[in-house]
Amino acid sequence: MLTAKEIRKSFTDFFASKGHTIVPSAPMVVKNDPTLMFTNAGMNQFKDIFLGNVPRKYPRVADSQKCLRVSGKHNDLEEVGLDTYHHTMFEMLGNWSFGDYFKKEAISWAWEYLVDVLKLDPKRLYATVFEGSEEDKLGRDDEAAEIWAQFLPKNHIINGNKHDNFWEMGDTGPCGPCSEIHIDLRDDDERAKIPGEALVNKDNPQVIEIWNNVFMQFNRKADGSLESLPAKHVDTGMGFERLCMALQGKKSNYDTDVFQPILKGIGEICGCEYGKKRETDIAMRVIADHIRTISFSITDGQLPSNAKAGYVIRRILRRAVRYGYTFLGQRSAFLYKLLPVLIETMGDAYPELIAQKSLVEKVIKEEEEAFLRTLETGIRLLDKVMAETKANGKTEISGKDGFTLYDTFGFPLDLTELILRENGMTVNQEEFNQEMQKQKERARNAASVETGDWVQLQEGESEFVGYDILSCDVEILRYRKIKQKNSEFYQIVLNRTPFYAEMGGQVGDTGILKSDDETIEVIDTKKENNLSVHIVKKLPANPSASFVAEVNTARRQQIACNHTATHLLDYALRQVLGTHVEQKGSFVAPEALRFDFSHFQKVSDEELRKVEQLANAMVRENIALEEHRNVPIEEARAMGAIALFGEKYGDAVRVIKYGPSMELCGGTHVKSTGEIGFIRILSEASVSAGVRRIEAVSGAKAEEFVDMQQDMLRDLKSLFNNVPNLVQAIKKSLDENSAMKKQVEQFVQEKVVILRDKLISNAIDRNGVKLIILKGDFEADIVKSVAFQIRNAVPSSLVFIGATQNMGKPAITMALSDDLVAGGMNATQLVREAAKEIKGGGGGQPFFAQAGGKDVDGLERAMNVLMNKF
RNA sequence: GGGGAAUUAGCUCAUCUGGUAGAGCGUUUGGUUCGCAAUCAAAAGGUAACGGGUUCGAGUCCCGUAUUCUCCA
């Protein structure tokens, strides 16, 4: 039996023998594509070739690609694990032709590989072809059908509709008919009962698609019409896990050697066994699937977080924890313990797992613990809701409460239901669904973005010249309008540009486009599918005119300082802390820089100081930039340049070297380190488990920062009469201050006690209550203290009335002993009534209330109002 | 991109409609104990995220900013 590893290798070997270049898997996490968060198909890394943004590097390539899908037919997150064939992460084997071979070769080789190389039974294979579409004025894909007819009998070639057999990249862009290969894995007697062709594309878990061959021959325009592509492409994708299942004679992907070791590992940790009980099996499949997804995301640089792609990863992790919690009885973090077994099965093919093992473990463990805390909070809130509901004599909690728990506090509905059931209660499902619907509508309305068609003025590719010059003559190739909820702007592509587009953490350039008649402001530059897009608020009146593009040079210089500073800090960190330090993200702006890196403990002040000193020493050395463009990646690595995990590099890379610091980098840098002036680290903090962040400034901004510090220090010193030892002076002052505070407090207490005794001895006895009056100028806090002191000293039949003033403002304070309150008296009401006399209002509790006002002259009247009550 | 929520002692969180800022854990000191664990007692510890506003009075209400959590896309 072929192992998964052998199968993976046989695929690439086969296509290499057909003249294909074998390329590595791109990272699973996608950058620089606003429409996509994760790699969801093998073709993603070639998207810019299909879009015509960059030329092809090879005519034929093949690879095995890590993919992640959380929605779609066989990848709906909530479905994964319930059955035996849904997944989030999977590997896709693929071969491509970029304007090279087409249907004939693609289909013949697919057949050759499956039948001749892998020895799959041809009687079990079926092919689907596009049946045509009236809407698009397209006929049946007879071309493909005729090629298939050489290998398959007629009844094994099946027509498919637009939904199944016409592939589109998005609403617009390259598309074309596709032809899928399906395999029937059922037993002989079942196959005898119902022929396989009746079950193709019918969601039967044993009759499944294994390979899709897409023939890209059209371009879909924004008005929905199709035009023929000048160069036709082939894009294929085969589900690796499914292929393993077929070849290993299993009924489920989870039964293959891809998943079995992981399932076994889960069993050992949780004390259960796969294949014994339905619910346990579901939970185990969920965990087995999700641990792969989470681990690979982290190695690709995508940590769980609270937004975007990171949040998707967090949700997947939490789903795994939840299943472990509910069905496997796991009450503490356990997922991270699966990493060794994952490495055992996949570490060979994906060495990044081994390299980053401890980081992955740490991140997962921390996330698990955070979620368990979220669950505890949820349980506490749910307890509250249950108590309130019971108090109202009901057993059904409102759907709104259930939704709030879910929406605001992240407490899963199924857990809510579980806990309610244990307490003999339910939740109003319909109401919950309504609330969910509302939420979805809100999001849909807000998310609507209208993207206009590109207006093409000239053909051609965009060239970036910004490494060498910051101003040049340009022409507009194409532009389009983007309309969002509250804003409207234009994207412009130039034939050449000095503007650096946001990438690798460095923000995009700003500047202007100037023609003879007008000046247009460029507010940002972004990268979309490898294309530099200039963002402008308004279009030039004559877009076909010639322009001069000018980058905002002062801003660019500051960015360059910060970017080079980032490299120096990276180098210094590795020197001081060790080579386990790896970049986990960075943000380079004109104002400051942020640098995230893997490190397992707080960087001490001394270490930070050392890092800073080392980096600044390199600045003073005024090391000249050594820049190597178009270095083959292998050569760059051999030179010892630092590359990032999870970063997609081309075959030729740019190496940035300042003395010993050497990194693969596309950013803009200073010509020599002296330009930076100096670097100052502002802060060090944790961003997530195992990842620390430093923030720093350099260049003019560092100077500004130091100036501010110095000004503050000077002000401080002058406050302390320029004493030589400022720290000691401040410390002394603080000590004195706290001693005096204590003294004052003591004096106040003594005063309060004296006041209390005096007032008690002056108490008026009226109709059986002791009436105690305080008048004069007192702070509100003292009056309050006195009132409470007296209340303690005179436990019954006490009425305290304070009619005092402070800073020209009148105040009324009233305290009543408990027996009077029990007898129906209410200080709040009384005080409110009296407060009218001083043009104010008040309130408090029945036994103690305060009021304030604006009219000091009414104080006497207000007191009389109160005294007349007794 | 949008919605909801949170931010109070070192930590986890209370503070019902605006009216005395509190608990548990932890810390320090002292007691019991040969010592540890344990336990009892006391004390210290607060810019209620930040900035405005409304009010006689704001942790509490309103607006803005930041950070975090969470859901939808």
Side-chain angles (χ1 to χ4, degrees), chain A residues 34-35 37 70-71 77 304-312 314-315 318 367 370-371 373-378 380-381 384 388 391 400-413 432-433 435-450 482-487 683 685-688 693 738 741-742 752 779-792 802-815 826-829 831-832 834-856 858-859 862:
Chain A
T35 62
M37 286 194 288
V70 284
S71 60
L77 179 59
S305 77
N306 64 345
K308 303 271 162 101
Y311 189 63
V312 174
R314 175 170 285 176
R315 266 171 53 197
R318 292 185 168 196
E367 274 292 313
F371 182 52
R373 279 198 297 275
T374 301
L375 289 184
E376 268 175 46
T377 306
R380 212 173 36 237
L381 290 167
K384 219 187 232 174
E388 277 164 21
K400 214 166 176 169
D401 283 337
F403 186 75
T404 305
L405 273 167
Y406 168 73
D407 177 68
T408 303
F409 299 102
F411 198 70
L413 180 65
F432 182 94
N433 293 337
E435 292 293 323
M436 181 65 106
Q437 207 51 43
K438 274 191 230 161
Q439 154 95 313
K440 285 187 177 176
E441 264 164 43
R442 260 198 307 271
R444 251 197 300 276
N445 291 339
S448 69
V449 178
E450 279 179 49
I482 307 281
K483 226 176 175 171
Q484 269 173 347
K485 202 181 167 195
N486 292 323
S487 67
S683 67
S686 157
V687 250
S688 72
R693 166 176 295 171
S738 74
K741 246 191 200 161
K742 267 186 196 140
V752 165
E779 270 180 55
D781 272 355
I782 293 182
V783 181
K784 200 155 65 185
S785 277
V786 170
F788 276 89
Q789 287 276 343
I790 291 179
R791 240 179 71 85
N792 286 341
T804 57
Q805 49 186 299
N806 187 235
M807 316 274 287
K809 280 187 175 176
I812 297 165
T813 311
M814 185 169 203
N826 188 325
T828 303
Q829 280 171 17
V831 143
R832 281 208 178 118
K836 285 178 195 156
E837 300 294 337
I838 52 169
K839 295 198 172 74
Q845 296 95 307
F847 69 92
F848 176 80
Q850 291 168 293
K854 294 176 206 172
D855 186 8
V856 189
L859 207 48

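Remember, it's a predicted structure, so these values are computed and weren't measured experimentally. Residue numbers start from 1 in every chain, and the chains themselves are labelled A, B, ... in the order their sequence lines are given, proteins ahead of strands.
On the P atoms, B:C50 is 11 Å away from B:A9, given to the nearest whole Å. Distance check on atom C1': B:A41 versus B:A5 gives 41 Å, rounded to whole Å. Spacing of C1' atoms, B:U33 relative to B:G46, comes out at 36 Å, to the nearest Å. Spacing of C1' atoms, B:C62 relative to B:U54, comes out at 7 Å, to the nearest Å. B:C11 and B:G53 are spaced 34 Å apart, taking the C1' atom of each and rounding to whole Å. Of the C1' atoms belonging to B:U27 and B:U15, the separation is 24 Å, rounded to the nearest Å. Of the C1' atoms belonging to B:A66 and B:A21, the separation is 25 Å, rounded to the nearest Å. Rounded to a whole angstrom, the distance from the P atom of B:G59 to that of B:U17 is 14 Å.
Contact between the side-chain N/O atoms of A:Lys809 and the OP1/OP2 oxygens of B:G57 is found at a separation under 4.0 Å. For A:Lys384, no side-chain nitrogen or oxygen approaches OP1 or OP2 of B:C13 to under 4.0 Å. Remark: A:Lys854 is in phosphate contact with B:C56, judged by side-chain N or O atoms under 4.0 Å from OP1 or OP2.
Aromatic ring pairs are classed by plane angle as parallel below 30°, tilted from 30° to 60° and perpendicular above 60°; the pair A:Phe848 and A:Phe788 is tilted.
A pairwise comparison of heavy atoms in A:Ala811 and A:Leu859 identifies O-CD1, 4.0 Å as the closest pair. Here the closest non-hydrogen pair linking A:Gly808 and A:Val856 is O-CG2, 3.0 Å. Between A:Gly852 and A:Ile838, the shortest heavy-atom distance links the atoms C-CD1, 3.7 Å. The minimum heavy-atom distance linking A:Leu405 with A:Gly378 is given by the pair CD2-O, 3.8 Å. Across all their heavy atoms, A:Val831 and A:Ala851 have their closest contact at CG1-CB, 3.3 Å.
Using Watson-Crick or G-U wobble geometry with both donor-acceptor distances under 3.5 Å, B:U7 finds its partner in B:A66. In this structure, B:U17 makes no Watson-Crick or G-U wobble pair, since no nucleotide meets both defining distances under 3.5 angstrom. For B:A42, the paired nucleotide is B:U28, the pair qualifying as Watson-Crick or G-U wobble because both relevant distances are below 3.5 Å. Pairing for B:U55 is absent, judged as Watson-Crick or G-U wobble with the two contacts each under 3.5 Å. As the counterpart of B:A48, no nucleotide is assigned, since no Watson-Crick or G-U wobble pattern has both distances under 3.5 Å. Applying the Watson-Crick and G-U wobble criteria (two distances, each under 3.5 Å), B:A37 pairs with nothing in any strand.
Nucleic acid contact for A:Arg832: none, since no nucleic acid atom lies under 4.0 Å from a heavy atom of the residue. Within the 4.0 angstrom heavy-atom criterion, only backbone atoms of the sugar-phosphate kind lie near A:Arg315; the bases stay farther away. Using a 4.0 Å heavy-atom criterion, one finds that A:Gly852 contacts the bases of the nucleic acid, with or without backbone contacts as well. Within 4.0 Å of A:Phe847, counting heavy atoms only, lies at least one base atom of the nucleic acid.
The distance from atom CD of A:Gln437 to atom C1' of B:G3 is 15 Å, rounded to the nearest whole Å. Whole-Å rounding puts the A:Asn826 CG to B:U17 P distance at 17 Å. B:C56 atom P lies 16 Å from atom NZ of A:Lys836, rounded to whole Å. Computed from coordinates, the A:Leu859 CG to B:C56 C1' distance equals 12 Å when rounded to whole Å. Computed from coordinates, the A:Lys438 NZ to B:A73 P distance equals 17 Å when rounded to whole Å. When the C1' atom of B:G18 is taken as reference, atom CD of A:Gln845 falls 11 Å away, rounded to whole Å. Atom OH of A:Tyr406 and atom P of B:G3 are 18 Å apart (whole Å). Whole-Å rounding puts the A:Glu367 CD to B:C69 C1' distance at 11 Å.
Taken from CG in A:Asn433 to NZ in A:Lys440, the straight-line distance is 9.0 Å, to the nearest 0.5 Å.
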Verify side chain to side chain contact (heavy atoms under 4.5 Å, CB included) between A:Thr374 and A:Phe411, making sure each step is shown before the conclusion. CA-CA 7 Å; A:Thr374 301; A:Phe411 198 70; 6.0 Å; no
Would A:Glu435 and A:Lys438 satisfy salt bridge (Lys or Arg N to Asp or Glu O under 4.0 Å), going step by step from the backbone distance to the final call? CA-CA 5 Å; A:Glu435 292 293 323; A:Lys438 274 191 230 161; 3.2 Å; yes
Start with the C-alpha gap between A:Phe403 and A:Phe432, add the side-chain angles, then the distance that decides, and say whether ring pair (Phe, Tyr, Trp, His ring centres under 6.0 Å) holds. CA-CA 6 Å; A:Phe403 186 75; A:Phe432 182 94; 5.5 Å; yes
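Listed nucleotides: B:G2, B:G57, B:C69. Nearest to the side chain of A:Gln439: B:G2. Comparing B:A73, B:C69, B:G19 by their closest approach to the side chain of A:Arg314 singles out B:C69. Here the nucleotide nearest the side chain of A:Lys440, chosen from B:U20, B:C72, B:G57, is B:C72.
Nucleotides of RNA chain B nearest to A:Pro810 and A:Phe788 differ in position, and the one nearer the 5' end is that of A:Phe788. Mapped onto RNA chain B by nearest heavy atom, A:Gly843 and A:Phe411 fall at different nucleotides, with A:Gly843 at the one closer to the 5' end.
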Distances under 3.5 Å only, N/O to N/O: pair up the protein atoms with those of nucleotides 4-6 of chain B.
unit_1, atom_1, unit_2, atom_2, d
B:G4, O2', A:Thr408, OG1, 2.8
B:G4, N2, A:Thr408, O, 3.0

Collect all protein-nucleotide pairs involving nucleotides 61-63 of chain B in which both atoms are nitrogen or oxygen and the distance is under 3.5 Å.
none

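Legend: salt bridge (Lys or Arg N to Asp or Glu O under 4.0 Å) pairs involving residues 838-851 of chain A, not counting sequence neighbours, sorted by first then second residue: A:Lys839-A:Asp855.
When A:Met436, A:Lys400, A:Gln439 are each tested for a side-chain contact (heavy atoms from CB on, under 4.5 Å) with A:Asp407, only one passes: A:Gln439.
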